[in-house]
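Remarks on the structure that follows.
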Amino acid sequence: MPLAAPDVARLFTPGSQYELGGDRTATVFALPEAQLALPTGRLVACDPVAGLVDENEPFLAVVPPGSYPVTLAVVEVRNAYGPGSSDTRIAAARLRIVEQAAVRWQLALSEGQDEERLGPDDFFGYGVDAGTGCFLDASAVGPIGELVEQDADPVIDAIHDARHRPAVVTDPGTGHTMAAFTTGWGDGHYPTWVGRAADGRVVGFVSEFFVVPQPGRGPVAG
């Protein structure tokens, strides 16, 4: 079977605690939000610095055009580097479409991706080579991509200056926006999940960064 979906409700509940092994624990302590415009309702998730190109395919799950909140699950890792040390990391990023609990979470697929081709614990996701991820509308990929290509430093600075809040970056020429964030412990390959209500409607998307363990999986790396 493909990678098991995370327990999203627990991941986005303040006070949720996870045992990481080696006397390390992670506790969800903040859920900062920012608004993201989706003028076409077609979502793209990618590394905004190293992977924002026109070939980025939006997810097949389409939502009504609008503005939606992006929420980050920020955890404090105690004894992260030894006794008495601590660190804070973003464990996941969620784009909430409706205020409704999902009855199931599945891998968010793009054109040409087939879950049946995945092996045990495999997943489709996006590669991160700059320690950053983002959500943006498909129509914003070109304009924001050009903005990053012209000068990536202000975008990188905005993401890292925001620390553990979503950084909303706007293209001044078109008004297109993206919500960007740092990704867990840094570079890697990360899945995005789509949550659906009982009637099949999309309730949200979650990009997960493998900071805390999830049911049905092995221990997290790091």
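The structure presented is a predicted model; accordingly, all values stated were derived computationally and were not measured.
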(message) For a quick test of reading the model, state the closest non-hydrogen atom pair linking T192 to A45 and the distance between them.
(response) OG1-CB, 3.8 Å
(request) Please check if the side chain of Q214 supplies one atom and the backbone of D7 the other of a donor-acceptor pair under 3.5 Å. (result) yes
(request) Examine L36 and V168 and state if one hydrophobic cluster contains both, with Ile, Leu, Val, Met, Phe, Trp and Tyr joined whenever side-chain heavy atoms are less than 4.5 Å apart. (result) no
(message) With a 4.0 Å cut-off on N to O distance, would you call D87 and R89 a salt bridge?
(response) yes
(message) Going by side-chain hydrogen bond (donor to acceptor under 3.5 Å, both in side chains), name the pairs with one or both residues in residues 117-134, residues two or more places apart or in two chains.
(response) D47-T132
(message) Under 4.5 Å between side-chain heavy atoms, counting indirect links through other Ile/Leu/Val/Met/Phe/Trp/Tyr residues: same cluster for F29 and V75 or not?
(response) yes
(message) Just verifying a value: how many Å separate S86 OG and N79 CG, rounded to the nearest 0.5 Å?
(response) 9.0 Å
(request) Dump the intermediate steps for side chain to side chain donor-acceptor pair (under 3.5 Å) on T25 and E19, then the final yes or no. (result) CA-CA 5 Å; T25 61; E19 297 295 330; 5.7 Å; no
(request) Hey, could you give me the CG/CZ distance between L95 and F205, rounded to the nearest 0.5 Å? (result) 7.0 Å
(message) Are V98 and V8 connected into the same hydrophobic cluster when the rule is that any two of I, L, V, M, F, W, Y join if their side-chain heavy atoms are below 4.5 Å apart?
(response) yes
(message) What I want to check is whether the side chains of Q17 and T27 have a donor and an acceptor closer together than 3.5 Å.
(response) yes
(request) Please tell me if the side chains of V28 and Y18 come closer than 4.5 Å, counting only heavy atoms from C-beta onward. (result) yes
(message) Run the side chain to side chain contact (heavy atoms under 4.5 Å, CB included) test against A197 and tell me which residues pass, sequence neighbours left out.
(response) Q100, D199, V203
(request) Flag yes if V103 and W105 sit in one hydrophobic cluster, no otherwise; membership is Ile, Leu, Val, Met, Phe, Trp, Tyr, and two members link when side-chain heavy atoms are under 4.5 Å apart. (result) no
(request) Please name all residues satisfying side chain to side chain contact (heavy atoms under 4.5 Å, CB included) with A167, sequence neighbours left out, ordered by chain then number. (result) I159, A162
(request) Check whether any side-chain heavy atom of T170 sits under 4.5 Å from a side-chain heavy atom of H176, and report yes or no. (result) no
(request) Might you confirm whether atom CZ of R104 has over 12 heavy atoms from other residues, nucleotides or ligands at distances under 6.0 Å? (result) yes
(message) Does D23 have more than 12 heavy atoms from other residues, nucleotides or ligands lying within 6.0 Å of its CG?
(response) no
(request) Check whether any side-chain heavy atom of V155 lies under 4.5 Å from a side-chain heavy atom of M178, and answer yes or no. (result) yes
(request) Compare all side-chain heavy atoms of W185 with those of V77 and state whether any distance is below 4.5 angstrom. (result) yes
(message) Show the nearest heavy-atom pair for residues R163 and T182, with the distance to one decimal.
(response) O-OG1, 4.2 Å
(message) Tell me every residue that passes side-chain hydrogen bond (donor to acceptor under 3.5 Å, both in side chains) with S85, counting only those two or more places apart in sequence or in another chain.
(response) none
(request) Answer yes if the side chains of E208 and W193 hold a donor-acceptor pair under 3.5 Å, and no otherwise. (result) yes
(request) Go through the steps for T40 and S139 under the test side chain to side chain donor-acceptor pair (under 3.5 Å), then give the verdict. (result) CA-CA 7 Å; T40 72; S139 65; 4.9 Å; no
(message) I need the Q106 CD to R196 CZ distance, nearest 0.5 Å.
(response) 6.5 Å
(request) Could you work out the complete set of other residues in the hydrophobic cluster of V49, with links drawn between I, L, V, M, F, W and Y side chains under 4.5 Å apart? (result) I156
(message) How close do P143 and T174 get, counting heavy atoms only, and between which atoms?
(response) CB-OG1, 3.6 Å
(request) Write down the atom of P2, the atom of L107, and the distance for their closest heavy-atom approach. (result) CB-CD1, 4.3 Å
(message) Within the 4.5 Å heavy-atom criterion, are P39 and P65 side-chain neighbours or not?
(response) no
(message) Measuring from atom CZ of F181 to atom CD1 of I90, what distance do you get when rounded to the nearest 0.5 angstrom?
(response) 7.5 Å
(request) Flag the pair V63 / L38 as yes when at least one side-chain heavy-atom distance between them is below 4.5 Å, and no otherwise. (result) yes
(request) Supply the atom-to-atom distance S207 OG to Y190 OH, rounded to the nearest 0.5 angstrom. (result) 11.0 Å
(message) Hydrophobic clusters here meaning ILVMFWY residues chained together by side-chain heavy-atom distances under 4.5 Å, can you tell me if I97 and L60 are in one?
(response) yes
(request) Determine whether L43 and D137 make a side-chain contact, defined as any pair of heavy atoms from C-beta on separated by less than 4.5 Å. (result) no
(request) With rounding to the nearest 0.5 Å, note down the distance linking CG in L72 to CG in L31. (result) 8.5 Å
(request) Looking only at non-hydrogen atoms, find the nearest pair between T183 and G133 and report the distance. (result) CG2-N, 3.3 Å
(message) Against E33, only a single residue in R96, R165, R94 fulfils salt bridge (charged side-chain N to carboxylate O under 4.0 Å, His left out); can you say which?
(response) R96
(request) Would you indicate whether R10, at its atom CZ, is surrounded by more than 12 heavy atoms from other residues, nucleotides or ligands within a distance under 6.0 Å? (result) yes
(message) Test of understanding: with ring pair (Phe, Tyr, Trp, His ring centres under 6.0 Å), list the residues that count as partners of H189, not counting sequence neighbours.
(response) F123
(request) Work out which heavy atom in L147 is nearest to a heavy atom in P172; give both atom names and the distance. (result) CD1-CD, 4.1 Å
(request) Would you check if L136 and T177 make a side-chain contact, meaning some heavy-atom pair closer than 4.5 Å? (result) no
